[in-house]
Number of protein chains: 2
Amino acid sequence: MDIREIAKRAKVSTATVSRTINRVPTVDPQLAKRVWKVVEELGYYPNTQARALVSGRTRIFGLIVSDMTNPFFPEIVQSFEDIAVEHGYEILLTSTVHDPKRMEGSVRRMIERRVEGVAILTFGMEESLLEGLRFRKVPLVFIDVGPPLPHVCNIRIDYQRGIRQAVQHLAALRHERIGFIAGPLHLPSAVTRKAAFESSLREIGMPIDPDLILQGDHTMEGGMRAYDELAKKSARPTAIMCSNDMTAIGVIREAYERGVSVPQELSVIGFDDIRLSRFFIPPITTIQMSQVEIARLAFKALVTEVERETPSSKGTEYVLNTDLVLRKSTAMAPQK
Amino acid sequence: MDIREIAKRAKVSTATVSRTINRVPTVDPQLAKRVWKVVEELGYYPNTQARALVSGRTRIFGLIVSDMTNPFFPEIVQSFEDIAVEHGYEILLTSTVHDPKRMEGSVRRMIERRVEGVAILTFGMEESLLEGLRFRKVPLVFIDVGPPLPHVCNIRIDYQRGIRQAVQHLAALRHERIGFIAGPLHLPSAVTRKAAFESSLREIGMPIDPDLILQGDHTMEGGMRAYDELAKKSARPTAIMCSNDMTAIGVIREAYERGVSVPQELSVIGFDDIRLSRFFIPPITTIQMSQVEIARLAFKALVTEVERETPSSKGTEYVLNTDLVLRKSTAMAPQK
DNA sequence: CAATACGCGGAAAACGTTTACCTTCGTGGG
DNA sequence: CCCACGAAGGTAAACGTTTTCCGCGTATTG
């Protein structure tokens with residue numbers, strides 16, 4: 001069942017059917033009605049492949065995330081999908097699971113399907129792998145780590161703001177030994193978060209103790225290992241900030257295992273504000289970075305870039321705020 | 001840059017280029033080499049739309065889930081994606097968020113993109129919406145609720161097995177008042193789980209107290225509400241089984257809120273074995289239903305159906321086991 | 001040595017749309 | 001009253017592949 005079948009039955013040309021379906025205003029309402037009737041009757045759905053082939057527009061955006069099973073991402077994906085569907089776009093989702101091999105496959109598939117833009121939501125990325133996309137002038141949007149290149153947009157995240165709030169919150173609660181569990185330091189965003197932590201300490205005149213700064217890997221297991229490490233030290237921290245919520249969950253989990261109660265004996269702050277952090281025990285004080293907002297910005301960036309007729313020389317820069325949200329995993333530092 | 005460009009530069013016909021790329025064995029190795037060289041040099045990637053158009057095979061499977069932000073699903077999606085990619089398929093992911101409107105949109109988009117099969121991983125579904133797919137003879141695979149129709153496969157889940165184990169586990173721990181928080185009872189799978197619970201009680205001669213059987217909605221909030229309800233009763237249960245892990249998390253969360261400690265004062269058992277249940281506090285005893293296995297079965301069902309040359313009259317039935325996995329959220333019933 | 005068979009590569013049709021261009025018809029102005 | 005112009009629908013080319021059908025050349029067999 002194709003457009004010709006419709007044309008025949010409605011006694012018009014395929015051109016008219018096409019125009020009707022695409023709501024070209026010049027087609028006579030009478031005719032249009034006749035066409036629509038046949039379309040409904042036969043349950044005709046246009047073939048997207050054929051459409052894309054001739055029009056050159058696939059209406060597909062690629063979405064690359066690092067790990068679907070990290071709850072941070074599904075929330076973004078969901079929002080992105082919502083917006084995309086609303087605008088008549090489809091999404092091609094791939095997850096890299098931190099594997100360059102898979103990453104390469106992702107990119108290849110995106111190119112083969114002729115996506116019109118790609119949002120790279122993984123924090124950090126083998127840049128060379130994107131050559132193929134850049135070469136074909138596919139608009140890209142990065143979260144946080146976009147190199148300043150044409151057709152490449154960037155959503156910059158103001159980590160400093162939320163992290164400063166968190167540090168000051170802890171300081172106000174009389175914490176003097178604050179630990180920090182960073183993300184994998186080959187990720188630029190992890191580096192930035194760590195730097196923001198250090199500069200926030202400095203700002204209020206607190207010493208930076210390198211012994212209390214560890215590297216995690218943005219997973220629960222990483223958080224558990226890191227706390228294990230910190231607990232062994234002679235001078236334990238009374239508060240720990242984490243580079244993401246999963247790490248914080250791991251820390252709390254390990255503390256529980258060791259009989260250290262949160263927040264009475266240990267304050268913990270996460271980062272991301274995934275939904276779960278509201279429901280964990282105890283509910284986790286964390287730094288919010290709105291997933292809905294990220295999705296919205298990413299989509300907007302791509303659409304803007306796609307619809308721009310005069311090719312821009314530089315990608316646009318977007319900014320996203322972060323804010324501390326207080327829950328139950330922080331409290332006054334224990335008395336010495 | 002298209003296949004003709006390659007043909008010209010390699011001084012062969014487009015047919016030969018096509019054959020080379022598709023690894024048709026009859027093409028001379030010498031020629032093939034020449035073609036590949038040009039392909040590499042120019043970074044040529046075949047256009048999937050054109051391919052699909054002429055070959056009639058899109059190599060896309062649709063995946064309909066109810067809610068990406070329920071951690072149960074991303075794990076399935078991830079596995080499904082892995083397998084799909086491995087077999088050269090792409091996946092078109094949509095989530096219905098329990099909204100018939102969105103569901104309808106999903107189906108429409110699947111048909112327009114000409115997916116070769118659809119896995120419906122939402123527990124329960126407006127059957128009428130699938131007419132369009134069935135009409136076009138698109139193979140479908142359901143989890144647990146597939147109607148016995150041609151081209152429709154079904155992954156039946158043996159709830160009974162895991163639930164019986166769980167009930168017997170609780171009985172052995174001397175629990176006499178066991179609560180059950182069901183899923184939304186308009187979902188067939190929720191009904192089945194509840195029925196399995198009841199028949200397991202009956203099997204060991206325990207009374208079924210309708211007062212202890214509540215309806216949740218497979219979310220944390222639902223679990224919290226349900227526990228709130230149960231806690232008000234004069235004769236509280238000493239153990240609660242939940243229709244999924246998120247509900248169990250809600251229950252534990254609410255118990256914590258009320259100062260009821262799990263598992264000392266209350267045993268809780270979940271269902272699904274999402275990754276998180278291993279890391280919650282306390283780690284949750286739950287009934288495992290392997291997400292990897294679900295994904296694998298679903299994919300296998302679709303591929304089998306697609307590749308079958310003689311159209312089958314009936315869809316195949318697959319079976320998935322469930323098993324209790326013991327963690328820390330269950331313990332001996334408190335002394336009266 | 002001739003005739004048949006077979007392997008391999010090329011020409012061209014086909015897939016289902018969109019769209020540039022053309023035709024036709026009606027209308028308004030000179 | 002005739003001509004020109006605009007609106008609206010039709011014809012056909014084009015999109016980038018795969019695949020069928022054919023022809024050519026070489027090898028094999030009688």
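Because the structure is a prediction, the values reported are computed rather than measured. Lettering follows sequence order; numbering is per chain, from 1.
For CD of B/E293, the number of neighbouring non-hydrogen atoms (other residues, nucleotides, ligands) closer than 6.0 Å is greater than 12.
Of the candidate nucleotides C/dG9, D/dT17, D/dA8, C/dG9 has the atom nearest to the side chain of B/V27.
Both tests hold for B/R136 against A/Y45: distance to the six-membered ring centre under 6.0 Å, angle to the ring axis within 45°.
Residue B/L42 contributes atom CG, which lies 15 Å from atom P of D/dG16 at whole-angstrom precision. Computed from coordinates, the B/R113 CZ to C/dG16 P distance equals 17 Å when rounded to whole Å. Protein atom CD of B/Q49 is 13 Å distant from nucleotide atom P of D/dT18, rounded to whole Å. The CZ atom of B/R34 sits 11 Å away from the C1' atom of C/dG9 (whole-angstrom rounding). Atom CD1 of B/I6 is separated from atom C1' of D/dG16 by 12 Å (rounded to the nearest Å). Regarding A/L53, its CG atom lies at a distance of 10 Å from the C1' atom of C/dT18, rounded to whole Å. Here D/dG9 presents its P atom at 21 Å from NZ of A/K8, a figure rounded to the nearest Å. Whole-Å rounding puts the A/R51 CZ to D/dG16 C1' distance at 19 Å.
In terms of position on DNA chain D, the residue among A/L31 and B/I3 whose nearest nucleotide sits closer to the 5' end is A/L31. Taking the nucleotide of DNA chain C with the nearest heavy atom to each of B/P29 and A/R4, the more 5' of the two is matched to B/P29.
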* From CA spacing to verdict: side-chain contact (heavy atoms from CB on, under 4.5 Å), B/E305, B/T316 -> CA-CA 9 Å; B/E305 215 58 28; B/T316 321; 4.2 Å; yes
* Asked: Step by step, would you call A/R109 with A/E112 a salt bridge (charged side-chain N to carboxylate O under 4.0 Å, His left out)?
  -> CA-CA 5 Å; A/R109 286 151 57 208; A/E112 289 188 346; over 6 Å; no
* Let me see the working for B/D99 and B/K101 under salt bridge (charged side-chain N to carboxylate O under 4.0 Å, His left out), right down to the final yes or no. => CA-CA 5 Å; B/D99 174 3; B/K101 206 81 188 168; over 6 Å; no
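Look at B/R113 and B/E90 and you find no salt bridge, because none of the NZ, NE, NH1 or NH2 atoms lies under 4.0 Å from a carboxylate O. Under a 4.0 Å N-O distance rule, the pair A/R108/A/E104 does not qualify as a salt bridge.
For C/dT17, neither phosphate oxygen OP1 nor OP2 lies less than 4.0 angstrom from any side-chain nitrogen or oxygen of A/Y45.
Bending across the helix from C/dC1-D/dG30 to C/dG30-D/dC1, expressed as the angle between its end axes from five pairs apiece, amounts to 50° (10° rounding).
Using the six-membered ring where Trp is involved, A/F299 and A/Y89 have ring planes that are perpendicular, over 60° apart on the 30 and 60° scheme.
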What are the atom names and distances for every N/O pair under 3.5 Å that joins the protein to nucleotides 19-23 of chain C?
none

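Side-chain atoms of B/Q78 and A/S95 include a donor-acceptor pair closer than 3.5 Å.
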